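Worksheet for the structure shown next.
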Amino acid sequence: MLPKVFGILAAASIAAAVPASITTDSGSDSTSTSVTHTSTATSDIAAAAATAKTESPTSNVKGAAFDRILQIYLETTAYENATADPNCQALIKQGILLTEEFGVGAPHGDNFGLNSDSFILVNKNVSTIVDLLEDKGISWGDYNEGLPYTGFDGFAYDNPVEGDYVRKHNLLARFNSVMDDPDRAAKIKNFTLFYEDLDNKRIPQWGFVTPNLYNNGHDTNITVSCNWTRSFVEPLLANPYFNDNTVIYITWQANGQNPIARNHVAGILLGSAIPKELVGTTDDAYHNHYSELSSVEANWNLHTLGRWDVGANVWKFVAAKTGDVIRSWNERIAGDLFENYYWNQSYGGVFSSAVEGLHVYVAPNTRLVRHGRTVLPSIVKLWARYCGKLPDYYRDIIELPDALHPPRASRSPSA
Ligand SMILES: *[C@@H]1O[C@H](CO)[C@@H](O)[C@H](O)[C@H]1NC(C)=O
Ligand SMILES: *[C@@H]1O[C@H](CO)[C@@H](O)[C@H](O)[C@H]1NC(C)=O
Ligand SMILES: *[C@@H]1O[C@H](CO)[C@@H](O)[C@H](O)[C@H]1NC(C)=O
Ligand SMILES: *[C@@H]1O[C@H](CO)[C@@H](O)[C@H](O)[C@H]1NC(C)=O
Ligand SMILES: *[C@@H]1O[C@H](CO)[C@@H](O)[C@H](O)[C@H]1NC(C)=O
Ligand SMILES: *[C@@H]1O[C@H](CO)[C@@H](O)[C@H](O)[C@H]1NC(C)=O
């Protein structure tokens, strides 16, 4: 049984909170399994599937370092175990290995203290990467293996064709700003549609992929997930339509095997957008799951969410094109040695079961500017009046707090 490490709120890339698979633990939260928000009866699924709205828009917005990104989040696995697997090693040789990558629980910009597998709904006033992408006309799509139909919001589904799906791994599905918008829910699709989109040359520029519980290693192990990932990814790399100035990012939601270990996970960057001379090398800068957000923001010169995305280091191969400065951990700013940070437990927040902490949505810092990238105007409009009460939260820093070093805002409520 896995520890209650960080929950997942996040599809890291998603925005304020979505890092993808950060979640994934084993369902130790007893309240979560009883929650069903959408019927999973066969007849109801068939009826809903018949009318589900699906959209697959395309776009062609040039990026500084890549024109397409596909992200794959796998179940909790320690760095050492992922990098020891022969199939993952074969992938690593074809790209860049991120050697100092740490799970946070949610790549969306904030995990809001999530520490369980519960059915959560993030308030619609919390933005995600989707808002940033749409602002610049960049197409996006989210592909979840086992999802019975587009926009399905149920807690789980045992799909006889695609395998077992759980909502907790579908990071964007947790955001009301996504699911309450029919045109956005229409882009939360399954694998059948991934292959249809691939065949019809309409894979979006920003894509998120969540394999089922077997293939992502949740119900199995790293042998299965690396084998699956290699067999999923290699045909895409060989596909000239798909792999056209494309990057594929593979990561693991958390280091779950050992709760008292640091949340050190592997990250692999692949695809034709990786400069030839960097194939087979490593990026040893400090990264966490928010680096996926900052790298996407830098690549397309997007606005930001004003959360942990702002300060996160940009992947080096992207920074080389955008001019973003790579920073190293500053013990003085963090107030304690890097070695004392574990990121193995969420700090108090909206979704935390812990009594202590700040159980409200903390405002983003709408004044942050990173390398010329400002906070999305609609976020500034909504939140600016709360941000005056944010003395130290969300500064432009890479020094991400953990439960042992909670953000100071958790002691000074703001919104
Ligand atoms: C993970 O790696 C450690 C040491 O590197 C090893 O002791 C352990 O058995 C591995 N666990 C799995 C599930 O492979
Ligand atoms: C995938 O989604 C589509 C669109 O909603 C649906 O018609 C189809 O049945 C789903 N495929 C599987 C295998 O569940
Ligand atoms: C990994 O999981 C698969 C599928 O359940 C199983 O066949 C295999 O024995 C497992 N391998 C290890 C090392 O546990
Ligand atoms: C590895 O992947 C291949 C192709 O998807 C599959 O046929 C095979 O069963 C997988 N092996 C394991 C051990 O999961
Ligand atoms: C996280 O790791 C630290 C250091 O090993 C440990 O003291 C703490 O109890 C761990 N937290 C959890 C929830 O396991
Ligand atoms: C966002 O929604 C939450 C939950 O309803 C609420 O507490 C908060 O005041 C809202 N913030 C803003 C800026 O609207």
Side-chain angles (χ1 to χ4, degrees), residues 11-15 18 20-21 52-74 91 94-95 107 128-130 132-147 149-152 161-162 165 169-173 178 183-212 215-216 228-251 268-274 292-293 295-297 299-300 302 315 318:
S13 31
I14 299 180
V18 173
S21 280
K53 179 178 180 179
T54 291
E55 292 176 12
S56 300
T58 56
S59 59
N60 190 16
V61 181
K62 291 301 286 178
F66 53 86
D67 295 332
R68 172 182 288 124
I69 182 168
L70 193 73
Q71 302 141 76
I72 304 172
Y73 268 70
L74 301 169
L91 292 174
Q94 301 173 57
T128 73
I129 187 74
V130 162
L132 307 181
L133 294 167
E134 290 182 353
D135 175 62
K136 288 280 164 70
I138 296 164
S139 54
W140 64 273
D142 186 11
Y143 300 96
N144 300 271
E145 194 173 22
L147 190 81
Y149 56 84
T150 301
F152 172 77
V161 179
E162 291 193 3
Y165 161 87
H169 294 174
N170 180 351
L171 302 180
L172 280 177
V178 174
D183 287 317
R184 290 179 173 180
K187 298 177 185 85
I188 310 293
K189 302 178 268 190
N190 60 26
F191 270 29
T192 306
L193 293 168
F194 176 81
Y195 285 105
E196 271 186 38
D197 287 349
L198 185 65
D199 288 347
N200 291 292
K201 297 190 167 45
R202 53 182 192 219
I203 294 288
Q205 288 194 269
W206 184 97
F208 202 91
V209 165
T210 305
N212 67 35
N215 290 331
N216 77 355
W228 175 84
T229 304
R230 187 179 180 187
S231 60
F232 177 78
V233 160
E234 285 186 340
L236 295 175
L237 294 174
N239 180 326
Y241 153 70
F242 177 88
N243 195 15
D244 184 8
N245 204 21
T246 289
V247 59
I248 297 177
Y249 168 58
I250 301 160
T251 195
I268 307 172
L269 298 167
L270 296 165
S272 62
I274 306 294
E292 183 276 346
L293 289 172
S295 299
V296 167
E297 290 163 2
N299 180 62
W300 278 299
L302 307 180
W315 297 324
V318 176

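Just so it is clear, the structure is predicted and the values come from calculations on it, not from any experiment. Keep in mind that the numbers below use all heavy atoms, side chains included, and drop hydrogens, waters and symmetry copies.
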(Q) Within this structure, what is the CG-CD distance for the pair N212 and E162, rounded to the nearest 0.5 Å? (A) 8.5 Å
Q: Taking the side chain as every heavy atom from C-beta outward, state whether S56 and K189 have any pair of such atoms under 4.5 Å apart.
A: yes
**Q.** Min side-chain heavy-atom separation I248-F242 under 4.5 Å
**A.** yes
**Q.** K62 vs D67, salt bridge (charged side-chain N to carboxylate O under 4.0 Å, His left out): CA-CA, chis, key distance, verdict
**A.** CA-CA 5 Å; K62 291 301 286 178; D67 295 332; 2.6 Å; yes
Q: Test Y73 against T210 for side-chain contact (heavy atoms from CB on, under 4.5 Å), laying out the working first.
A: CA-CA 6 Å; Y73 268 70; T210 305; 5.6 Å; no
**Q.** Beyond-backbone contact of E234 with L91, side-chain heavy atoms, under 4.5 angstrom
**A.** yes
Q: Just do the salt bridge (charged side-chain N to carboxylate O under 4.0 Å, His left out) check on R184 and E134 with the steps written out, would you?
A: CA-CA 10 Å; R184 290 179 173 180; E134 290 182 353; 2.7 Å; yes
(Q) Tell me the closest heavy-atom pair linking P211 and E145, and the distance in Å. (A) CA-OE1, 3.6 Å
Q | Side chain proximity check, L132 to W140, heavy atoms < 4.5 angstrom | A | no
Q | Trace of the side-chain contact (heavy atoms from CB on, under 4.5 Å) decision for F232 with V209 | A | CA-CA 11 Å; F232 177 78; V209 165; 4.1 Å; yes
Q) Does any donor atom in the side chain of Y143 or D197 lie under 3.5 Å from an acceptor atom in the other side chain? A) yes
Q | Smallest separation among heavy atoms of N216 and H169, with atom names | A | ND2-ND1, 3.1 Å
Q: Would you sort out whether F208 and Y249 count as a side-chain contact (heavy atoms from CB on, under 4.5 Å), showing the intermediate values?
A: CA-CA 9 Å; F208 202 91; Y249 168 58; over 6 Å; no
Q: Name the orientation class of the two ring planes belonging to F191 and F194 (parallel below 30°, tilted from 30 to 60°, perpendicular beyond 60°).
A: tilted
Q) Does the side chain of K136 reach to within under 4.5 Å of the side chain of V61, using non-hydrogen atoms? A) no
Q) Do you know the tightest heavy-atom contact between P204 and G141? A) CG-N, 3.4 Å
Q | Option among L236, V233, L70, L237 that satisfies the side-chain contact (heavy atoms from CB on, under 4.5 Å) test with N243 | A | L237
Q.
Can you tell me how far apart CG (L293) and CG (L302) are? Round to the nearest 0.5 Å.
A. 10.0 Å
Q: Check whether any side-chain heavy atom of Y241 sits under 4.5 Å from a side-chain heavy atom of L198, and report yes or no.
A: yes
Q) Is the shortest heavy-atom distance from the side chain of N170 to the side chain of F152 under 4.5 Å? A) no
(Q) As an exercise, state the distance from CD1 of I69 to OG1 of T246, rounded to the nearest 0.5 Å. (A) 10.0 Å
Q. What's the shortest heavy-atom distance between N245 and A65, and which atoms?
A. OD1-O, 3.7 Å
Q) Between S295 and W315, what is the shortest heavy-atom contact and its length? A) OG-N, 2.9 Å
Q) Does any non-hydrogen side-chain atom of L172 lie less than 4.5 Å from one of I188? A) yes
Q | Over all atoms of both residues, closest heavy-atom pair of L147 and T150 | A | CD2-CA, 4.3 Å
Q. If you measure from OG on S139 to CZ on R68, what distance do you get to the nearest 0.5 Å?
A. 7.5 Å
Q.
Could you measure the distance from the CG atom of N190 to the CG atom of D142? Nearest 0.5 Å is fine.
A. 11.0 Å
Q. If you round to the nearest 0.5 Å, how far is CD1 of I138 from CG of N60?
A. 10.5 Å
